[in-house]
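There's a structure below that I have some questions on.
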Amino acid sequence: MIAPGQASPARFFPICLGALGCGLALAQAGPVLGVPDTLGMIAQILACTLFLVCLAAYLRHLASRPGVVLQDVAALPTRGAVSAGAMAFLLMAAVLLPLSPGLARTVWFLGLSLHFGTMLLVGQRLWRERGAAAPPTPALYLPFVGQITAPIAGVPLGQTLLCTIIFYAALVPAAIIALASLRALAQTQRTRLDRAAQAIHLAPAALFGSAALQLGLPALFFAFFVLALFCATLLVIKAGWLAHGGFYPGWAAFTFPSAAFCGLCLRAEESLPGLGAAYLAWAALATSVAMTLFVLIALARRASA
């Protein structure tokens with residue numbers, strides 16, 4: 001018998017999130033690094049197509065099994081994946097923004113609503129599991145801090161006040177999850193399934209940094225940029241440990257943090273040109289593209305096997 005969440009299409013949402021982040025990073029790299037605009041456009045089209053296909057599969061699954069969302073929230077492998085689906089709406093809004101601001105606004109508010117709904121479901125589940133829950137992992141960033149992706153499209157859409165509230169409100173759960181998951185990492189022997197998830201620590205640091213710059217908070221931008229650079233350096237040093245045991249679907253956790261870090265470096269190069277952020281952006285962009293393609297191909301092979 002298949003465990004709840006194991007066969008759910010929600011397990012593909014993290015790679016959709018990574019693909020959308022990679023597409024946005026390629027598009028952002030056009031004016032900053034001279035990357036051809038066509039590459040960003042193609043990547044964004046493919047990423048949106050991938051997400052819509054996975055979303056259609058999930059909705060079909062939901063239609064046949066209405067309680068699947070609750071099962072996905074209950075199962076550790078898909079608890080964060082459901083939130084990744086809501087976050088993907090927020091990134092897709094950023095893709096749609098230059099084409100149709102009205103549609104982008106609708107998708108953005110839909111994604112934000114879905115994300116907070118998922119947050120409530122996960123929070124309720126964790127409350128019911130208190131005392132018997134698994135040790136906290138960085139995957140909890142997705143349901144409780146994933147709303148920090150909102151400013152990417154929200155600020156250009158004119159939702160600066162709402163994005164500012166989201167920014168400051170997300171700092172508290174981000175700090176709690178960081179401390180709790182790092183403490184659990186230090187106290188317990190992590191399994192192979194936990195290792196790739198440690199890469200997610202990079203994502204909130206990078207996203208908070210980008211949001212701070214968008215919201216006109218240069219001091220916080222610099223602080224989060226330094227923090228993200230520290231996290232990225234640690235991940236590079238521990239790359240062998242993170243990848244130990246070979247590929248499994250959790251490797252999608254390597255994709256969206258590298259894209260987020262690339263976006264942060266590109267914003268840093270735009271605001272403070274000539275300080276070397278472009279070199280970091282190139283490295284992060286190459287990592288994001290390579291990891292996204294690798295995980296997509298590996299998942300496709302698994303699905304067809």
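Predicted model, so just to flag it, every value in this text is computed and none were measured.
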Partner residues of F109 under the side chain to side chain contact (heavy atoms under 4.5 Å, CB included) criterion, sequence neighbours left out: R105, Q159, L162
What's in the same ILVMFWY side-chain cluster as W282, cut-off under 4.5 Å, chained through other members? L26, V32, L33, V35, L39, L266, L285, V289, L293
Within one Ile-Leu-Val-Met-Phe-Trp-Tyr cluster: V236 and F225, side-chain cutoff 4.5 Å: no
For atom CZ of F222, is the number of surrounding heavy atoms from other residues, nucleotides or ligands below 6.0 Å larger than 12? no
Please say yes or no: joined through hydrophobic side-chain contacts below 4.5 Å, possibly via intermediate residues, are I148 and L171 part of one cluster? yes
Please report the closest heavy-atom contact between E269 and A278, naming both atoms and the distance. OE1-N, 3.2 Å
Separation between CD1 (I200) and SG (C231), nearest 0.5 Å, reads 12.5 Å
Cluster question for you: counting only ILVMFWY and a side-chain heavy-atom cut-off of under 4.5 Å, with indirect links fine, are L46 and L24 together? no
For residues V53 and V295: do they belong to one hydrophobic cluster (side chain heavy atoms under 4.5 Å, members Ile, Leu, Val, Met, Phe, Trp, Tyr)? no
Which residue pairs pass the ring pair (Phe, Tyr, Trp, His ring centres under 6.0 Å) test when at least one of the two sits in residues 283-304, sequence neighbours left out? F247-F294, W251-F294
Taking all non-hydrogen atoms of both residues, which atom of A197 and which atom of P138 are closest, and how far apart? O-CB, 3.3 Å
Run the side-chain contact (heavy atoms from CB on, under 4.5 Å) test on V122 and L142 for me, step by step, so that the C-alpha distance in whole Å, both residues' side-chain angles and the decisive distance to 0.1 Å come before the verdict. CA-CA 10 Å; V122 175; L142 276 71; over 6 Å; no
Could you tell me which non-hydrogen atom of G263 sits nearest to which non-hydrogen atom of Q28, and how far apart they are? O-NE2, 3.3 Å
Side chain to side chain donor-acceptor pair (under 3.5 Å) filter on R125, not counting sequence neighbours, yields E129
Under a 4.5 Å cut-off applied to non-hydrogen side-chain atoms, are H61 and P9 in contact? yes
Taking R195 for its side chain and W241 for its backbone only, find out whether a donor-acceptor pair lies under 3.5 Å. yes
How long is the gap from CG on L264 to CG on L227, to the nearest 0.5 Å? 10.0 Å
Could you pull out the closest heavy-atom pair between C265 and L280, with the gap in Å? SG-CB, 3.6 Å
Rounded to the nearest 0.5 Å, what separates atom CZ in F261 from atom CG in L235? 9.5 Å
Without placing hydrogens or testing angles, list every side-chain donor-acceptor pair under 3.5 Å for residues 202-218, not counting sequence neighbours.
residue: S210; atom: OG; partner: A206; partner atom: O; Å: 3.4
residue: Q214; atom: NE2; partner: P151; partner atom: O; Å: 3.0

Who are the side chain to side chain contact (heavy atoms under 4.5 Å, CB included) partners of A47, not counting sequence neighbours? A19, L20
Name all residues meeting the salt bridge (charged side-chain N to carboxylate O under 4.0 Å, His left out) criterion together with R128; count only those two or more places apart in sequence or in a different chain, and write none if there are none. none
If you look only at pairs with a residue in residues 47-59, which of them pass as a side-chain hydrogen bond (donor to acceptor under 3.5 Å, both in side chains), with sequence neighbours excluded? Y58-D72
In chain order, what residues pass the side chain to side chain contact (heavy atoms under 4.5 Å, CB included) check against A178, with sequence neighbours excluded? Y141
Once rounded to the nearest 0.5 Å, what's the spacing between atom CZ of R267 and atom SG of C262? 11.0 Å
Among residues at least two apart in sequence or on other chains, which ones pass side chain to side chain contact (heavy atoms under 4.5 Å, CB included) with A283? none
ILVMFWY clustering at 4.5 Å (side-chain atoms), partners of I45: M41
Joint hydrophobic cluster, L229 plus L234, side-chain heavy atoms closer than 4.5 Å: no
Only one of L17, T118, V145 passes side chain to side chain contact (heavy atoms under 4.5 Å, CB included) with S83; say which it is. T118
Distance from F51 atom CZ to F12 atom CZ, nearest 0.5 Å? 14.0 Å
Go through the steps for L220 and F167 under the test side-chain contact (heavy atoms from CB on, under 4.5 Å), then give the verdict. CA-CA 11 Å; L220 286 176; F167 177 89; 3.7 Å; yes
Residue pair A169 / P173: nearest heavy atoms and the distance that separates them: O-CD, 3.1 Å
Is the backbone of F254 close enough, under 3.5 Å, to the side chain of S258 for a donor and an acceptor to pair up by distance? yes
Nearest-0.5 Å distance that lies between atom CG in L126 and atom CZ in F144: 5.0 Å
L55/F89 under side-chain contact (heavy atoms from CB on, under 4.5 Å): CA gap, chis, key distance, verdict: CA-CA 10 Å; L55 179 63; F89 276 99; 3.6 Å; yes
For Q147, side chain to side chain donor-acceptor pair (under 3.5 Å) partners two or more places apart: H115
Before giving the answer on side-chain contact (heavy atoms from CB on, under 4.5 Å), spell out for W127 and Q124 the whole-Å C-alpha distance, their side-chain angles and the decisive distance to 0.1 Å. CA-CA 5 Å; W127 177 255; Q124 182 185 41; 5.7 Å; no
What closest approach, in Å, do L157 and P101 show between heavy atoms, and which atom pair accounts for it? CD2-O, 3.8 Å
May I ask you to test the I177-P136 pair for a side-chain heavy-atom distance under 4.5 Å? no
